[in-house]
Undergrad: 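The structure's right below; bear with me while I get my questions together.
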Number of protein chains: 2
Amino acid sequence: MAATTTTRTLHHPDLDDVELTSVLFALSDPTRLELIRLLATEGPQTVAQCQIAEPDVPKSTFSHHLKTLREAGLIRNEPSGRQRTISLRRADLDARFPGLLDSVL
Amino acid sequence: MAATTTTRTLHHPDLDDVELTSVLFALSDPTRLELIRLLATEGPQTVAQCQIAEPDVPKSTFSHHLKTLREAGLIRNEPSGRQRTISLRRADLDARFPGLLDSVL
DNA sequence: CCTACTGTTCGAGTTACATCGAACGGTCAC
DNA sequence: GTGACCGTTCGATGTAACTCGAACAGTAGG
């Protein structure tokens with residue numbers, strides 16, 4: 001098949017393809033902003049750990065937010081055993097938009 | 001009437017009521033971001049002057065963007081004779097979200 | 001294997017936002 | 001006053017995003 005259909009590895013945009021407007025939009029949702037702050041202070045977390053901070057958000061909704069953040073270039077989402085590790089792309093973001101992350105945290 | 005119906009003076013949110021998520025959302029549109037950059041570099045402008053930078057945007061659409069930015073607390077829109085003066089609320093924003101504006105400009 | 005577990009994807013319903021022409025409101029010039 | 005001018009508001013339309021349950025995919029353990 002030409003297209004990748006497995007859900008194993010998800011696509012992450014290259015640093016050069018990360019657009020400021022997309023980043024700002026991704027951060028403009030309270031749930032997502034809160035999650036970014038969690039990752040910034042606590043470091044990489046599993047999805048389940050992230051969800052503890054947002055107990056009222058169903059997992060499909062939460063997964064949607066993770067997708068938005070990932071496609072905007074804010075986080076990485078990598079398989080780790082049966083779970084997945086969510087991490088902030090801080091070095092990338094600091095390189096591309098210096099000071100931005102610091103100012104929203 | 002109880003409600004203000006005149007279009008003469010428009011409502012601007014108090015500094016304390018300006019929310020980060022609203023600011024980020026307002027900045028997440030390319031046209032609006034461009035306008036903020038114009039105001040930051042060129043200083044206060046009339047609406048007509050702002051529109052020169054975005055020649056393909058109809059004036060009603062442009063006015064909508066101005067409303068979004070104003071309600072988010074990013075700009076002031078004040079009458080000035082027959083025209084209106086659009087200005088960046090830079091001091092307010094720097095006080096409430098230090099470094100944010102600098103990082104997006 | 002087969003089951004339980006973690007998290008994504010699909011699909012449908014709802015809501016919010018963008019866009020733009022037309023109508024309106026206020027101001028200045030004459 | 002009245003006509004031109006600058007800009008907002010209204011109303012209608014299309015589109016994108018949010019929400020969430022149900023179904024699915026990959027992994028580890030017994």
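Bear in mind that the values here come from a model prediction, so they are computed numbers and not experimental data. All chains are named by letter (A, B, ...) in the order of the sequence lines, taking the proteins before the strands, and each is independently numbered beginning at 1. Only heavy atoms go into these numbers, but all of them, side chains included; no hydrogens, no water, no symmetry mates.
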Undergrad: Going from CD1 on A:I75 to CD1 on A:I36, what distance comes out if it is rounded to the nearest 0.5 angstrom?
TA: 6.0 Å
Undergrad: Report yes or no: does B:R32 contribute a side-chain atom to a donor-acceptor pair with the main-chain N or O of B:T68 at less than 3.5 Å?
TA: no
Undergrad: B:L38 and B:C50: which non-hydrogen atoms are nearest, and at how many Å?
TA: CD2-CA, 4.0 Å
Undergrad: Can you measure B:L69 atom CG to C:dC17 atom P for me and round it to whole angstrom units?
TA: 14 Å
Undergrad: Would you jot down, in residue-number order, the residues of residues 38-56 of chain A having a non-hydrogen atom under 4.0 Å from DNA chain D?
TA: none
Undergrad: Tell me which one of B:T61, B:V47, B:L10 satisfies side chain to side chain contact (heavy atoms under 4.5 Å, CB included) with B:L66.
TA: B:V47
Undergrad: List in chain and number order the residues that pass salt bridge (charged side-chain N to carboxylate O under 4.0 Å, His left out) with A:D29, two or more places apart in sequence or in another chain; answer none if no residue qualifies.
TA: none
Undergrad: Rounded to whole Å, how long is the line connecting atom CG of B:L66 with atom P of C:dA18?
TA: 13 Å
Undergrad: Determine, using the 4.5 Å side-chain heavy-atom cutoff (strictly less than), whether B:L35 and B:F25 are members of one ILVMFWY cluster.
TA: no
Undergrad: For D:dT8, does either OP1 or OP2 sit under 4.0 Å from a side-chain N or O belonging to B:N77?
TA: yes
Undergrad: Establish whether A:V104 and B:F97 are linked, either directly or via other cluster members, by ILVMFWY side-chain heavy-atom contacts under 4.5 Å.
TA: yes
Undergrad: Quick check: on DNA chain D, is the nucleotide nearest A:R82 upstream (toward 5') of the one nearest B:R70, or the reverse? Name the residue that is more 5'.
TA: B:R70
Undergrad: Going by the side chain to side chain donor-acceptor pair (under 3.5 Å) test, name the single residue among B:H12, B:K67, B:H11, B:R84 that passes it with B:N77.
TA: B:R84
Undergrad: A:I75 has an atom CD1; how far is it from atom P of C:dG7, in whole Å?
TA: 13 Å
Undergrad: Nucleotides 15-18 of chain D: which of its N/O atoms have a protein N/O under 3.5 Å away?
TA:
residue: D:dC18; atom: OP1; partner: A:R32; partner atom: NH1; Å: 2.9
residue: D:dC18; atom: OP1; partner: A:R32; partner atom: NH2; Å: 3.0
residue: D:dC18; atom: OP2; partner: A:H64; partner atom: NE2; Å: 2.8

Undergrad: Output the rounded distance in Å from CD (A:Q83) to P (C:dT8).
TA: 11 Å
Undergrad: Would you mind reading off the distance between B:K67 atom NZ and C:dA18 atom C1', rounded to a whole angstrom?
TA: 13 Å
Undergrad: Under 4.5 Å between side-chain heavy atoms, hopping through other hydrophobics if needed: is there a path connecting B:L88 to B:L15?
TA: no
Undergrad: Expressed as a whole number of angstroms, how long is the span from B:L10:CG to D:dT8:C1'?
TA: 8 Å
Undergrad: Looking only at N and O atoms, is any donor in the side chain of B:S60 or the base of C:dG21 less than 3.5 Å from an acceptor on the other one?
TA: yes
